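Take a look at the structure below.
Ligands are counted one by one from 1 in listed order, and the atoms in each one are counted from 1 as well. Note that the structure is predicted; figures quoted are calculated from it, not measured. By convention here, the first residue in the shown sequence is residue 1.
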Amino acid sequence: MKITIINGPNLNLLGTRETDIYGSQNFESYLDSLKSLFKDVEIDYFQSNVEGEIINFIQKSKNSKGIILNAAAYTHTSVGIADAVKSIDCRVIEVHISNTYSREEFRHNSYLSPVVDGIIIGFGLNSYRLAIDSIIKDE
Ligand code: DQA
């Protein structure tokens with residue numbers, strides 16, 4: 001089973017970026033722990049700071065069992081990413097590391113929430129693990 005994780009802008013800086021909000025672990029080391037936790041799952045990972053590249057990768061990942069999408073700041077701005085999610089049939093879970101609803105008001109709007117299958121917000125990096133669990137248990 002293949003599950004795709006797509007991370008948006010500035011998430012390549014996890015571990016050093018605003019550590020009071022996002023923690024001090026980088027995503028690569030967290031990804032290693034996910035891979036050893038879910039040995040039977042092929043986890044495909046893509047990160048980009050570029051909106052169009054994220055759209056291209058969503059289109060390319062349409063045959064995954066599920067996509068875990070943290071579009072980061074594009075969550076709050078991107079009609080293009082929302083349209084890409086609508087254009088594919090595979091399950092898409094929106095995740096956020098921080099609780100966006102306890103932060104600035106502009107983070108309370110998500111263009112993605114109305115078009116995804118589920119949303120996991122505010123559990124730190126564990127949001128990704130919970131999203132994988134939800135896709136696997138949906139078998
Ligand atoms: C984020 C929340 C967004 O508001 C922010 O722009 C991010 C990360 C999160 O995972 O908590 O870059 O998606």
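Donor-acceptor pairing under 3.5 Å is recorded for the side chains of Glu94 and Ser110. Side chain to side chain, Asn7 and Tyr128 meet the donor-acceptor criterion of an N or O pair below 3.5 Å. Under 3.5 Å, the side chains of Asn49 and Glu51 contain no donor-acceptor pair of N or O atoms.
The atoms of ligand 1 that sit less than 4.0 Å from any heavy atom of Tyr22 are 5 (C), 7 (C), 8 (C), 9 (C), 11 (O), 12 (O). Heavy-atom contacts of Ala73 reach the following atoms of ligand 1: 6 (O), 12 (O) (cutoff under 4.0 Å).
Here Arg17 has side-chain heavy atoms under 4.0 Å from ligand 1, and that is the only part of it that gets that close.
In plain terms, the two heavy atoms of Ala72 and Leu11 that are nearest each other are CB-CD1, 3.9 Å. Between Ile21 and Arg103, the shortest heavy-atom contact is CD1-NH2, 3.5 Å.
Under the 30°/60° scheme for interplanar angles, the aromatic rings of Phe46 and Phe57 are found to lie parallel.
Shortest contact from atom 11 (O) of ligand 1 to any protein heavy atom: Ser98 OG, 2.6 Å. From the protein, the heavy atom lying nearest to atom 6 (O) of ligand 1 is Arg107 NH1, 3.0 Å. In terms of protein heavy atoms, atom 2 (C) of ligand 1 is closest to Thr100 CG2, 3.7 Å. Considering only non-hydrogen protein atoms, atom 1 (C) of ligand 1 sits nearest to His96 ND1, 3.7 Å. If you check which protein heavy atom lies closest to atom 3 (C) of ligand 1, you get His76 NE2, 3.5 Å.
Checked against a 3.5 angstrom limit, the closest N/O atoms of Ile97 and ligand 1 fall inside it. Looking at Arg103 next to ligand 1, no N or O pair under 3.5 Å apart turns up. For Thr75, no nitrogen or oxygen atom sits less than 3.5 Å from a nitrogen or oxygen atom of ligand 1, counting backbone and side chain alike.
Under the 4.5 Å side-chain heavy-atom criterion for Ile, Leu, Val, Met, Phe, Trp and Tyr, Ile68 and Val85 are members of distinct hydrophobic clusters.
Note: Tyr74 and Tyr111 fail the aromatic proximity criterion, with ring centroids not under 6.0 Å apart.
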